[in-house]
Protein chains: 2
Amino acid sequence: MSTESNHLRKAGLKVTLPRMKILEMLESSETRHLSAEDVYKSLLESGEEIGLATVYRVLTQFETAGLVARHHFEGGHSMFELNEGDHHDHILCVKCGRVDEFMDETIEKRQRQIAQDAGYEITDHSLYIYGICPDCRSKA
Amino acid sequence: MSTESNHLRKAGLKVTLPRMKILEMLESSETRHLSAEDVYKSLLESGEEIGLATVYRVLTQFETAGLVARHHFEGGHSMFELNEGDHHDHILCVKCGRVDEFMDETIEKRQRQIAQDAGYEITDHSLYIYGICPDCRSKA
DNA sequence: CTACGGATGCAAAAGCTTCTCATTATTATC
DNA sequence: GATAATAATGAGAAGCTTTTGCATCCGTAG
Ligand SMILES: [Mn+2]
Ligand SMILES: [Mn+2]
Ligand SMILES: [Zn+2]
Ligand SMILES: [Zn+2]
């Protein structure tokens with residue numbers, strides 16, 4: 001009874017090989033932020049024959065279950081990362097694609113205040129800072 | 001010599017009928033935030049025969065020229081709005097699609113600080129707050 | 001007014017994501 | 001452990017937004 005299968009069961013999802021492999025992939029990947037295509041290709045390289053449609057379906061189910069978070073970075077396609085409970089926002093390098101994370105309570109607080117002032121009941125937010133990372137700056 | 005044609009010339013763009021009509025559309029629209037499809041359909045309704053490909057091309061040129069800003073709200077497709085010089089962020093209703101705008105100097109400042117702390121040279125940022133707007137809340 | 005180069009429209013194609021449906025695997029029950 | 005009901009999967013087709021190729025058209029410098 002592995003940790004992964006428990007996560008799946010707790011999420012109300014049947015324990016299937018594709019779901020296990022995708023979850024393991026997300027946990028073990030060097031890169032925290034992966035596209036569906038990334039996950040698909042990595043699985044192929046590991047010798048796992050899992051269809052791209054299944055990868056998309058499973059990632060969406062994981063999102064609904066709260067196991068992963070979906071992000072819409074610039075570039076159009078969705079990026080997924082394991083949800084470790086802690087909310088955070090992202091700062092991305094426009095040169096190399098590097099992604100760093102941060103959390104700023106001052107910003108979080110101001111956001112809640114802004115929503116309240118505008119009469120909105122806040123459900124979510126997304127904040128992306130784009131720039132040139134230290135490595136790319138020194139290379140230039 | 002209308003204001004619109006001057007804007008185009010200043011941006012280094014030839015003054016063509018499609019570009020004029022699209023610019024007028026953006027200026028006169030009730031809704032500040034429009035998709036390419038929105039612009040295309042509105043032009044059709046006004047009796048202007050402008051191809052969708054041209055709408056996309058022109059909006060991209062306007063963006064490059066700094067005449068419009070492109071946003072990536074949830075839902076995948078790009079939204080455009082006339083650039084009036086002032087930077088602002090957005091708060092959106094997940095029920096009805098309403099879009100409100102805000103600018104918070106505290107958040108702007110914190111963002112610059114976060115980028116600096118992470119060693120990034122900031123180029124841009126995008127902040128979207130999602131929630132339920134006053135109207136939709138009272139209806140529920 | 002002419003001629004050149006850029007702009008346009010249409011259709012085709014691209015890129016990402018979802019859907020359809022026949023087949024297969026999982027799980028509750030015996 | 002075998003069985004039946006039910007859900008999940010894979011392959012390809014389809015959907016949507018956006019881009020591109022190319023023949024034709026138009027704006028503008030001269
Ligand atoms: Mn992250
Ligand atoms: Mn706006
Ligand atoms: Zn970089
Ligand atoms: Zn609303």
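Note on naming: letters A, B, ... go to the chains in the order of the sequence lines (proteins, then strands), and numbering restarts at 1 for each one. These figures come from a predicted structure and were not determined experimentally.
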Taking every non-hydrogen atom, the tightest pair across A/A118 and B/I91:
CB-CD1, 4.5 Å
Which atom pairs link the protein and nucleotides 16-22 of chain D when you take only N or O atoms and keep those under 3.5 Å?
unit_1: D/dT18; atom_1: OP1; unit_2: B/S78; atom_2: N; d: 2.7
unit_1: D/dT18; atom_1: OP2; unit_2: B/Y56; atom_2: OH; d: 2.4
unit_1: D/dT18; atom_1: O5'; unit_2: B/Y56; atom_2: OH; d: 3.3
unit_1: D/dG21; atom_1: O6; unit_2: B/R57; atom_2: NH1; d: 3.4

Round to the nearest Å and state the distance from B/K14 atom NZ to D/dA29 atom P.
9 Å
So, for B/C93 and B/C133, which heavy atoms are closest and what is the spacing to 0.1 Å?
SG-N, 3.4 Å
Rounded off to whole Å, could you give me the NE2-to-C1' distance for the A/H72 and C/dG15 pair?
17 Å
For A/L13 and D/dA8, what is the distance between atoms CG and P respectively, to the nearest whole Å?
7 Å
In whole angstrom, give the distance that lies between atom CZ of B/F62 and atom C1' of C/dA7.
12 Å
A/Q61 atom CD is separated from D/dA8 atom P, nearest whole Å, by 6 Å
Side-chain donor-acceptor contact under 3.5 Å, A/D100 with B/Y120
yes
Rounded to the Å, how far apart are B/L43 CG and C/dT8 C1'?
14 Å
Given atom CD of A/E48 and atom C1' of D/dG10, what is their separation to the nearest angstrom?
15 Å
Indicate yes or no: does B/R70 engage B/E81 in a salt bridge with an N to O separation below 4.0 Å.
no
Between the side chains of B/H72 and B/H77, does any donor sit under 3.5 Å from an acceptor?
no
With the side chain of A/I50 defined as its heavy atoms from C-beta on, choose the nearest nucleotide among D/dT9, D/dG10, C/dA7.
D/dG10
Will you find, in the side chains of B/N6 and B/T3, an N or O donor that is under 3.5 Å from an N or O acceptor?
no
Over all strands shown, is A/T54 touching base, sugar-phosphate only, or nothing at heavy-atom distances under 4.0 angstrom?
base
Length of the line joining A/M20:CE and C/dT27:P, which is rounded to integer Å
11 Å
